Amino acid sequence: MNTYHNSFIHTLKEAPNDAEVISHQLMVRAGMIRKVASGVYSILPLGQRVFNKLNRIIHEEMMAIGGAECNLPHVVPAELWKSSGRWDQYGKELLRLNDRSDREFCFGPTHEEVITDLVNAYVNSYKQLPVLLYQIQTKFRDEIRPRFGLMRGREFLMKDAYSFHDSEASLQDYYDSARKAYSTIFTRCGLSFIEARADSGAIGGDESAEFLVIADSGEDEVLVSESGFAANVEAAPCLDINVTHDISNIAPLTMVDTPNVHRIDDAVGFFSVAANQTLKSLLVVVNDVFSLICLRGDHVLNESKISALLGGPFRFATEAEIQAHCGCKSGSIGPINLQLKISIYLDHSLKSFSHYICGANQTDAHFQYCVPQRDIPTFVWADLRNAEAGDPCPLDSSNTLTSQRGIEVGHVFKLGNKYSEAMGAKFTQHDGQLKAFEMGCYGIGVGRTIAAAIEQSHDENGIVWPEALAPFDVVILNLAPKEPALVDLVKTMVSHFETMGKDVIVDDRVESPGVKFKDADLIGFPMQVIVGKKTLVQQQIEIKYRRTGQKEMVSINELDAISPLVK
RNA sequence: CGGGGUAUAGCGCAGUCCGGUUAGCGCACCUGUUUUGGGAACAGGGGGCCGCAAGUUCGAAUCUUGCUACCCCGACCA
């Protein structure tokens, strides 16, 4: 019999002061997790039960699409990472280790290299494809800033799946079935989520989609529209705009002394104009080639778009480089009168107005009446900014985008042959020729999904578990645990519920009733069965449903009629 | 990595300015009695290298220096 005692349940009245978001606070208070180091947590038995529930759902749905479970090593030799080129690319997020012989290893943050090496060793022919392998395993990423408990930990449990194909069509097929499986998984968890177009980021690849649980505390912003468009702000394209202005009467370009005006906010104040009538310029570098990026003052640069446009990951220029190219300090950069000839890119949105305030490439000076097509020598229009709420929908410009916050719990990628090509992982095709595998990869953050479920489902008393994830379906609160008749009744009820396939736990602690009620609400079991001395007098058992708070009385004689379905 | 902050019992905190009994409080824990349907009452009790190290001093949780850990903000800057 599961009891509070043998299940190691330890609740807290107060949350530690480092718990910022509600899911973190509630998980600590309910005794599910305990912090061991920054971004590193022990999962306590109650928490582990929730992990097991979710893991089981994931297993079932991965099996349903033909996945085979494996378990790859946590500690991975550097050679594998060097073979894909990521040893040098991945940066400080990769936890690097040395063994006693000083050989280099890393603690795997993701396993494309290991799986590619594995599959390449066994799969030689198109006849053996496709392959879908998955695992649920602890990863470590040395995050810049771990926070929010399990939401952004450094050590975290992840389901990662990898598929290998002989063609793009086969990859597309699996990619789509993985997306469907993910929808099924999150639906079974009782979560409200959206699938959105995403930026593939550090993993790389051709196309990706992420699954976000909708929550105000989410770290990601998603733009959605009624036409069915959904994309992470980082991945939402912005439409070009077709506006022409009569520029014949606009005053000529005028330089103005602007002491201590370095930021867009400063310029807005100084010139008394709206931010969308200013032009901001950013000097960026890709492979030692400099480019000037111009955005409207109210917009935010999109890193992926810049990197895609310029053909590689970019960085911002240093102060010294700005001095050399622009002849001024940062804060006064502009597209006119650059010292050195470099490519200039203007965001499409700069077509929305006729003339702008912009930096003059002279410290503490700005230009007024900058008309791009008249005053900027040579430039290229491009999509350079983050989309934002209110923008027209890229699928149907008659709709506008609205913004929602979400927690990224799953991400699926079409990797193509990025890893297989780099690592020389090939198979023999029908025609006898070698070809690099087409690959897909599919991840779910297990702990993060659990945290997201709590973000989405809680009240002032504590967690309200979706049935599918609850650590136990039913808690029996025995308010008079020393009463022999009640102890017997509880035993009968436990076997009754267990026969029905439900997980049951008994609060048999010698505690006052209030404590038991509060803890049951805090932990969030979907159904509470309450027995006390009153039960023996009235011959009735009380049932309370956590989600609705609804209570009902059932006669002891009608025990069989108690259905542990949540109302 | 830059800025700010914190570190005293399992958790939440006071004490630190202005050095001076045996370092305190609430929760939790232990014993006993009375309680028992929404975080009980009383009585008694246990638990601390005051983050670590060095220094100043007759004397350091308290002052100085260094280190470490943790938290927050920023890293989108023109």
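Per chain, numbering begins at 1; letters A, B, ... match sequence-line order. As the structure is a computational prediction, the values presented were derived from the model and not from experiment.
- In this structure, A:Lys544 reaches the bases: a heavy-atom distance under 4.0 Å links it to at least one base atom across the strands shown.
- You'll find the ring centres of A:Tyr369 and A:His355 inside the 6.0 Å limit.
- Not counting sequence neighbours, the partners of A:Phe107 by the ring pair (Phe, Tyr, Trp, His ring centres under 6.0 Å) test are A:His74.
- Between A:Asn17 and B:C13 there is a side-chain N or O to OP1 or OP2 distance below 4.0 Å.
- A:Glu303 comes within contact range of at least one nucleobase, with a heavy-atom separation under 4.0 Å.
- In this structure, CD in A:Glu321 is found 10.5 Å from SG in A:Cys326, a value given to the nearest 0.5 Å.
- The nucleotide whose nearest atom lies closest to any side-chain atom of A:Lys518 is, among B:G39, B:C11, B:A78, B:G39.
- Contact between the side-chain N/O atoms of A:Lys35 and the OP1/OP2 oxygens of B:C71 is found at a separation under 4.0 Å.
- Closest approach to the A:Asp18 side chain among B:G38, B:G39, B:C71 is made by B:C71 (side chain taken as heavy atoms from C-beta onward).
- The A:Arg29 side chain lies nearest to B:G39 when the options are B:C72, B:G39, B:G12.
- For A:Arg34, the side-chain atoms get nearest to B:G10 when compared with the rest of B:C27, B:C71, B:G10.
- Distances were taken from every side-chain heavy atom of A:Ala37 (C-beta onward) to each of B:A75, B:G12, B:C70; the shortest belongs to B:C70.
- RNA chain B is contacted by A:Ile322, A:Ser330, A:Gly331, A:Ser332, A:Ile333 of residues 320-351 of chain A, taking any non-hydrogen atom closer than 4.0 Å.
- Near RNA chain B, meaning a heavy atom under 4.0 Å away, the residues from residues 271-292 of chain A are A:Ser281, A:Leu282, A:Leu283.
- Using bins of under 30°, 30° to 60° and over 60° for the plane-to-plane angle, the ring pair A:Tyr4/A:Phe525 lands in the tilted bin.
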